[in-house]
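Down below is the structure, laid out as C-alpha cells.
All residue numbers refer to positions in the sequence shown, counting from 1. Only this structure's heavy atoms are used, side chains among them; waters, hydrogens and symmetry mates stay out.
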Amino acid sequence: MSAAAPAGADAVRFTPGAPGAGDPYFPDMGNGGFDVSHYDIALRYDPKTKAIQAVTTVTARATQDLSRFDLDFQGPLKISSLTVDGHRASYKRTGAQELVITPRKGLREHRRFQVRAVYSGVPQTINDPALGVSGWIPTADGGIMLNQPIGAATVYPVNDHPTDKATYTFALTAPKDLTTLANGDLTGKRTQGGLTTTRWEMRSPMASELAMVAFGKYDVVTGRTKGGVPNLTATDRAMAISAADAKKFNQQTAEVVDFESGMYGRWPYSSTGGVTVKAGVGYALETQGRPVYDLGRHPGTIPSGDLLAHELGHQWFGDSVSPKRWADIWLNEGFATYSEWLYNAAHGGDTVQQSFDGEYATPASDDLWKGKVADPGRDHIFDGLVYDRGAMAIHVLRQTIGDKAFFQLLKAWPARYRYGNASTKDFVAFAQQVAHKDLSVWANKWLYSEGKPAL
C-alpha cells in the first residue's frame with residue numbers, strides 16, 4: 001500500500017521562459033522555454049512612406065510549463081494586435097529587444113501554440129560599430145532585409161538565435177511595378193488593385209539570421225542546375241547589369257552549385273539562386289538558398305566565381321549546419337573561404353597550397369594572428385582571424401589526415417548535422433572519427449591558441 005498524495009501535489013508550476021538563449025556574445029538574442037517550428041510572415045511595402053504593414057504568425061512548442069515568454073523585436077515598429085492561440089495576450093517591450101508576452105493561461109510543456117502579431121511602421125536599420133549594417137536596409141526603390149547577426153528582429157518578432165531554426169512562408173505585397181523576393185520557392189503570384197503579392201516557401205529549417213526579403217526593381221532570370229535544382233536569380237536594375245550578364249549570373253550560380261555538390265553532397269534545399277543589390281552595405285551574405293551580393297560600388301558587375309563559391313559554399317557550412325554559438329562561426333567562414341580556394345584551384349587560379357602560403361606569409365604581428373579561431377570575441381566574428389585563418393586551419397587538417405579522409409569529411413560532416421547545429425568541439429570529435437586519428441594537437445594549435453602557428 002502506498003501513502004495518499006497530498007492535496008495539490010499535481011498542480012502545475014508555470015514559470016517564465018528565459019529572456020536569452022545563453023550565448024555569451026549576444027546575451028539578449030534568442031529566448032528560452034519554447035521551440036519555434038514555423039514563421040508565416042506577410043509584409044506589405046508602401047514606397048511612398050517606406051513603411052511596412054505586417055502580420056507574423058509564429059508556431060512554436062513549449063519546452064517547459066510557461067507562464068510567459070519572450071520574442072525578440074526591436075525598433076520603432078508598432079504592434080496593434082497580439083494574440084496567443086486566437087486570444088488576446090498582454091505584452092510589453094523592455095530592454096534592447098525583448099517582447100514579453102503573457103498569455104491568458106499558462107502553456108503546458110510540449111503544447112503547440114501560435115503567436116499572431118499585427119504591426120506596422122518603418123523598420124530600423126542597425127549599424128553596429130564592430131559588426132556593420134544589418135536588419136532592414138532601405139534602397140533607392142525599396143528595401144532588403146539582411147539579418148546577420150542581429151537584424152531579424154527589426155522586421156518580425158522572432159526567436160533570434162541560430163539554434164532555433166524553423167521553416168518559413170512569406171507573402172510579400174507591393175505595387176505591381178516592384179519585384180518582391182524571399183528565400184525558398186516561389187509558390188504563387190497574384191495581382192489585384194494595382195498590388196502584386198508573391199508567396200515563397202522555405203521548407204528546410206532556417207536560422208533567422210539567414211532569412212531574406214527584398215522589395216524593389218529587379219530583373220529575374222530562372223533556370224536549373226545540371227543536377228535539376230530550380231535556380232532563380234535577380235539583378236537590381238540600379239546596378240545597370242546587362243541582360244547577358246544577368247543570364248551569366250544565373251548560369252555561373254548553377255555551375256558553382258553543381259561543382260560544390262560534387263564535393264559536399266546534395267544541395268540542401270529545393271531551389272537555389274542569388275540576388276545582386278545596390279544597398280550600400282559593402283558585403284555579400286549567405287541568405288539561405290539564395291545569397292545576396294551587394295556590388296553597388298561596382299555598377300554593371302556580377303559576382304565573381306570565387307565570391308559565388310564562398311556564399312554558395314555556406315549553404316552547407318553555416319546554413320544547413322549552423323553554429324551552436326556565435327563563437328563557432330569559423331565553421332561557417334573558414335569552410336566558405338576554403339570553398340573559394342578549392343574553386344580557384346579547379347578553375348585555373350592559385351592552387352590551394354598557394355592560397356594557404358599567401359595567407360601564411362602575413363607577418364606574425366598582423367591582426368590575423370591575434371585571438372583564437374574558435375573563440376574570436378563578439379566584435380571580431382567577421383575578422384580575417386575567422387575567415388582566412390579558419391581556412392588555413394582547415395588546410396592543415398587536410399594535410400594532417402590526408403586527402404582521402406578529408407574529402408570524405410567534406411561530405412560526411414554536412415550530412416551528419418544537416419539542418420541542425422554543431423560546435424567546434426563537435427567538429428573536432430567528428431573529424432577524429434572519420435580520420436581515425438587523434439587531432440588534439442591540430443585543434444589546440446590552430447583553433448584554441450593565439451599567435452602564428454609554426455608549420
Side-chain angles (χ1 to χ4, degrees), residues 12-21 28-46 51-124 135-136 145 147 151-161 164-173 182 188 197 199-202 205-206 208 211 213:
V12 177
R13 183 171 180 266
F14 294 98
T15 56
D28 293 325
M29 288 182 66
N31 303 280
F34 63 96
D35 178 68
V36 177
S37 59
H38 187 74
Y39 293 94
D40 182 273
I41 301 171
L43 299 177
R44 176 174 169 174
Y45 174 72
D46 184 344
I52 61 170
Q53 293 179 314
V55 180
T56 292
T57 303
V58 182
T59 302
R61 178 181 59 84
T63 57
Q64 67 182 64
D65 293 319
L66 282 172
S67 59
R68 68 170 191 261
F69 58 93
D70 290 16
L71 288 169
D72 301 303
F73 196 48
Q74 60 178 311
L77 296 176
K78 289 185 169 58
I79 297 172
S80 57
S81 171
L82 192 145
T83 59
V84 176
D85 289 337
H87 301 289
R88 182 177 297 177
S90 63
Y91 63 91
K92 63 179 179 179
R93 300 176 71 172
T94 66
Q97 62 189 59
E98 301 304 317
L99 172 61
V100 184
I101 300 169
T102 305
R104 287 200 315 177
K105 296 180 179 180
L107 301 172
R108 293 293 300 269
E109 185 178 4
H110 307 305
R111 175 178 164 178
R112 294 178 66 83
F113 63 96
Q114 284 193 329
V115 181
R116 183 178 185 268
V118 181
Y119 54 98
S120 60
V122 178
Q124 177 183 1
W136 179 260
M145 180 180 72
N147 293 337
T154 67
V155 181
Y156 63 103
V158 57
N159 197 26
D160 196 14
H161 192 269
D164 195 1
K165 295 184 174 187
T167 55
Y168 279 72
T169 51
F170 302 92
L172 307 179
T173 301
T197 298
R199 298 185 181 278
W200 304 80
E201 292 186 19
M202 172 49 72
M206 177 166 68
S208 50
V213 298

Which residues pass the side chain to side chain donor-acceptor pair (under 3.5 Å) test with [X], sequence neighbours left out?
X      : value
Thr173 : Thr197
Asp35  : none
Ser208 : Asp160
Thr57  : none

Give me the atom names and distance for the closest heavy-atom approach of [X] to [Y].
X      : Y      : result
Pro157 : Leu99  : CB-CD2, 4.3 Å
Ile52  : Pro123 : CD1-CG, 3.8 Å
Gln97  : Met29  : NE2-CA, 3.8 Å

Legend entry - Sequence neighbours excluded, every pair satisfying salt bridge (charged side-chain N to carboxylate O under 4.0 Å, His left out) that has a member inside residues 57-77: Asp65-Arg108

Inset, instruction - Evaluate the ring planes of Tyr156 and Tyr39, with Trp represented by its six-membered ring, and classify them as parallel (under 30°), tilted (30 to 60°) or perpendicular (over 60°). - result: perpendicular

In Å, rounded to the nearest 0.5 Å, how long is the span from [atom1] of [X] to [atom2] of [Y]?
X      : Y      : atom1 : atom2 : value
Gln114 : His38  : CD    : NE2   : 9.0 Å
Glu109 : Gln64  : CD    : CD    : 8.0 Å
Lys92  : Ile101 : NZ    : CD1   : 12.5 Å
Arg112 : Asp85  : CZ    : CG    : 10.5 Å

Flag the pair [X] / [Y] as yes when at least one side-chain heavy-atom distance between them is below 4.5 Å, and no otherwise.
X      : Y      : answer
Gln124 : Leu77  : no
Val155 : Leu43  : yes
Val115 : Phe34  : no
Trp200 : Leu172 : yes
Val213 : Tyr45  : no

Legend entry - Sole residue of Asn159, Val84, Asn31 in side-chain contact (heavy atoms from CB on, under 4.5 Å) with Phe69: Val84

Inset, instruction - Apply the side-chain hydrogen bond (donor to acceptor under 3.5 Å, both in side chains) test between Asp40 and each candidate in Thr167, Thr59, Thr169; give the one that qualifies. - result: Thr169

Inset, instruction - Any pair with a residue in residues 71-93 that passes ring pair (Phe, Tyr, Trp, His ring centres under 6.0 Å), sequence neighbours left out, goes on the list, sorted by first then second residue, please. - result: Phe73-Tyr119

Legend entry - Under 3.5 Å: donor-acceptor pair, side chain of Thr102, backbone of Ser67: no

Legend entry - Arg88 backbone acceptor or donor facing Thr83 side chain under 3.5 Å: no

Legend entry - Atom CZ of Arg104 with >12 non-hydrogen neighbours under 6.0 angstrom: no

Legend entry - side-chain hydrogen bond (donor to acceptor under 3.5 Å, both in side chains) assessment of Gln53 paired with Ser120: CA-CA 4 Å; Gln53 293 179 314; Ser120 60; 5.9 Å; no

